[in-house]
Amino acid sequence: MTVSTAGRKGKLSKTVTVETNDPKNPKTKLTVSGNILVELDFDQPYLRFAGLKVGTEKKQTVKILAKEPEKLELGEVTTDVEGVTAEVVKSTGENGKPSYSLLVTFVPKKAGRFTGAIMVKTNHPKASELKLRMGGEVDGDITMKPPRLTIWAESGGRMEHSVVVTSEKKPFKIMDIEGKDPRLTIRKTETKKGYEYKLIVEPTKEGTKSEKVFSVNYILRTDSKEQPTLELPVYYRTRAPRGVKSKTHNLKGALKDLKLPQRGKKGAQKEKGNHK
């Protein structure tokens, strides 16, 4: 049995099936476990927060792996993400040696996507600082349905698409829409004063004649402190006509290009008489 430790760290467990000539136990399973040592690192490369609402609290713990934890000293902890606090927690491991983990608490103040990192100072000669990257998305009161648009351009297809932006609790206003592109038009209509807008998006003539695939990312500016910006990605795609319409269209084009011999009136009447 061979186990690759490339890109792995911390505890590792593998189960293998062994076939024998024992009639009572022709197959048996063996579990092989071990601990892959690293000089100093977190047990996961990325910390993700999802499904959070503004003002709600969520905690996550990340283990700190060290080859020689008894010699390790951890210092100041900093972060560039608003609403995040982190602290080093020291305990005693199974082997009696010290064990370290990072307790991360997040209380988001704004909705939307975010990325950042948490930095921990160390006394390690090869790693004076540990960095844990983090990110995620915070749900707000204002929602968009659908959250993104895909416009398929085809013969007889619907080119006008809509997005409904609503707020369940607090009133809001869409102050401006940034990211406008000559290939698409976007217009807003307030359908429920203070609580709902309808956005209409459709390609222009320039858009239908441009590339077969393009995208535009609109930024909606609002007067909400919790959600000052909203992102609306729009993807434009082209495809061939579908169903009977496309086959009929192709047949008409083929017949149009086909040159048939012209017949006079007498020939047509003679042929008609032969069919009686």
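We're numbering straight along the sequence, starting at 1.
Counting heavy atoms from C-beta outward, Val107 and Thr56 have side chains that stay 4.5 Å or more apart. Side-chain atoms of Val89 and Tyr100, non-hydrogen and from C-beta on, never get closer than 4.5 Å to each other. A heavy-atom distance below 4.5 Å is found between the side chains of Met144 and Leu232. Side chains of Pro203 and Tyr236 form a contact here, defined as non-hydrogen atoms less than 4.5 Å apart. When side chains are defined from C-beta on, Glu190 does not count as touching Glu196, because their heavy atoms never get closer than 4.5 Å. Proximity of Thr229 to Thr222: side-chain heavy atoms (C-beta onward) are nowhere separated by under 4.5 Å. Looking at Glu70 and Lys97, their side chains come closer than 4.5 Å, going by heavy atoms from C-beta outward. Side-chain contact between Lys198 and Val163 is absent, with no heavy-atom pair separated by less than 4.5 Å.
Checked by atom type and distance alone, the side chain of Asn25 never pairs as donor or acceptor with a backbone atom of Lys27 at under 3.5 Å. Between the Thr185 side chain and the Glu202 main chain, a donor and an acceptor come within less than 3.5 Å of each other. Under a 3.5 Å cut-off, the side chain of Glu68 and the backbone N or O of Leu72 do not form any donor-acceptor pair. One N or O on the side chain of Thr204 and one on the backbone of Pro182 form a donor-acceptor pair closer than 3.5 Å. Between the side chain of Gln60 and the main chain of Arg48, a donor-acceptor pair closer than 3.5 Å is present. Of the possible donor and acceptor atoms, none in the side chain of Thr15 sits under 3.5 Å from a partner among the backbone N and O of Lys29. Side-chain atoms of Asp80 come within 3.5 Å of backbone atoms of Ala117 as a donor-acceptor pair (strictly under, hydrogens ignored). Checked by atom type and distance alone, the side chain of Thr189 never pairs as donor or acceptor with a backbone atom of Thr191 at under 3.5 Å. The closest donor-acceptor contact from the side chain of Lys188 to the backbone of Ile174 lies under 3.5 Å.
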Check: Hey, mind stepping through Lys71 and His124 against side chain to side chain contact (heavy atoms under 4.5 Å, CB included) and telling me if it holds?
Finding: CA-CA 8 Å; Lys71 297 181 181 180; His124 197 281; over 6 Å; no
Margin query: Working note: Leu184 + Tyr218, criterion side chain to side chain contact (heavy atoms under 4.5 Å, CB included); need CA distance, chi angles, decisive distance, verdict.
Written below: CA-CA 11 Å; Leu184 293 176; Tyr218 290 112; 3.4 Å; yes
Check: Does the side chain to side chain contact (heavy atoms under 4.5 Å, CB included) test come out yes or no for Ile118 and Val104, once each step is laid out?
Finding: CA-CA 9 Å; Ile118 301 172; Val104 182; 3.7 Å; yes
Next item on the list: Show your reasoning for whether side chain to side chain contact (heavy atoms under 4.5 Å, CB included) applies to Lys109 and Glu82.
Entry: CA-CA 8 Å; Lys109 297 181 180 179; Glu82 185 181 11; 3.6 Å; yes
Note to self: Please determine whether side-chain hydrogen bond (donor to acceptor under 3.5 Å, both in side chains) holds for the pair Ser101 and Thr61, giving the CA-CA distance in whole Å, both sets of side-chain angles, and the decisive distance to 0.1 Å.
What the structure shows: CA-CA 7 Å; Ser101 60; Thr61 301; 5.7 Å; no
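Residue Asp223 holds its CG atom at 11.5 Å from NZ of Lys170, rounded to the nearest 0.5 Å. For the atom pair Ser224 OG and Lys173 NZ, the distance stands at 13.5 Å (nearest 0.5 Å). Annotation: the span from Leu103 atom CG to Lys59 atom NZ amounts to 5.5 Å, rounded to 0.5 Å. For the atom pair NE2 of His161 and CD1 of Ile186, the computed distance is 13.0 Å after rounding to the nearest 0.5 Å. Ser128 OG to Met119 CE: the interatomic distance, rounded to the nearest 0.5 Å, is 12.5 Å. Atoms CZ and CG, from Phe42 and Leu132 in turn, are 5.0 Å apart once rounded to the nearest 0.5 Å.
Between Arg187 and Glu160, at least one side-chain N (NZ, or NE/NH1/NH2) sits under 4.0 Å from a carboxylate O, which counts as a salt bridge. Between Asp181 and Arg183, at least one side-chain nitrogen of the basic residue sits less than 4.0 Å from a carboxylate oxygen of the acidic one, meeting the salt-bridge criterion. Taking a cutoff of 4.0 Å between a charged side-chain nitrogen and a carboxylate oxygen, Lys121 and Glu76 do not qualify as a salt bridge.
Not less than 6.0 angstrom separates the ring centroid of Phe214 from the ring centroid of Tyr235. Ring centroid separation for the pair Phe106 and Phe114 comes in under the 6.0 Å cut-off.
Around CD of Glu168, the count of heavy atoms belonging to other residues, nucleotides or ligands within 6.0 Å does not exceed 12. Residue Glu19 qualifies as open at atom CD: its count of foreign heavy atoms under 6.0 Å is 12 or below.
In plain terms, the two heavy atoms of Ala111 and Gln227 that are nearest each other are CB-CG, 3.1 Å. Residue Pro147 comes nearest to Pro233 through the heavy atom pair O-CD, 3.5 Å, listed as atom of the first residue, atom of the second, then distance. The shortest heavy-atom contact between Ala86 and Leu102 is CB-CD1, 4.1 Å. Of all non-hydrogen atoms in Glu231 and Ile219, the two that sit nearest each other are CG-CD1, 3.6 Å. Heavy atoms only, all atoms of each residue included: Arg237 and Thr150 are closest at CG-CG2, 4.3 Å. Heavy-atom minimum distance, Ser162 versus Pro146: O-CD, 3.8 Å.
Under a hydrophobic clustering in which Ile, Leu, Val, Met, Phe, Trp and Tyr are joined whenever their side-chain heavy atoms come within less than 4.5 Å, directly or via other members, Tyr195 and Leu220 fall into different clusters.
A salt bridge (Lys or Arg N to Asp or Glu O under 4.0 Å) check over residues 139-151, counting only residues at least two apart or in different chains, returns nothing.
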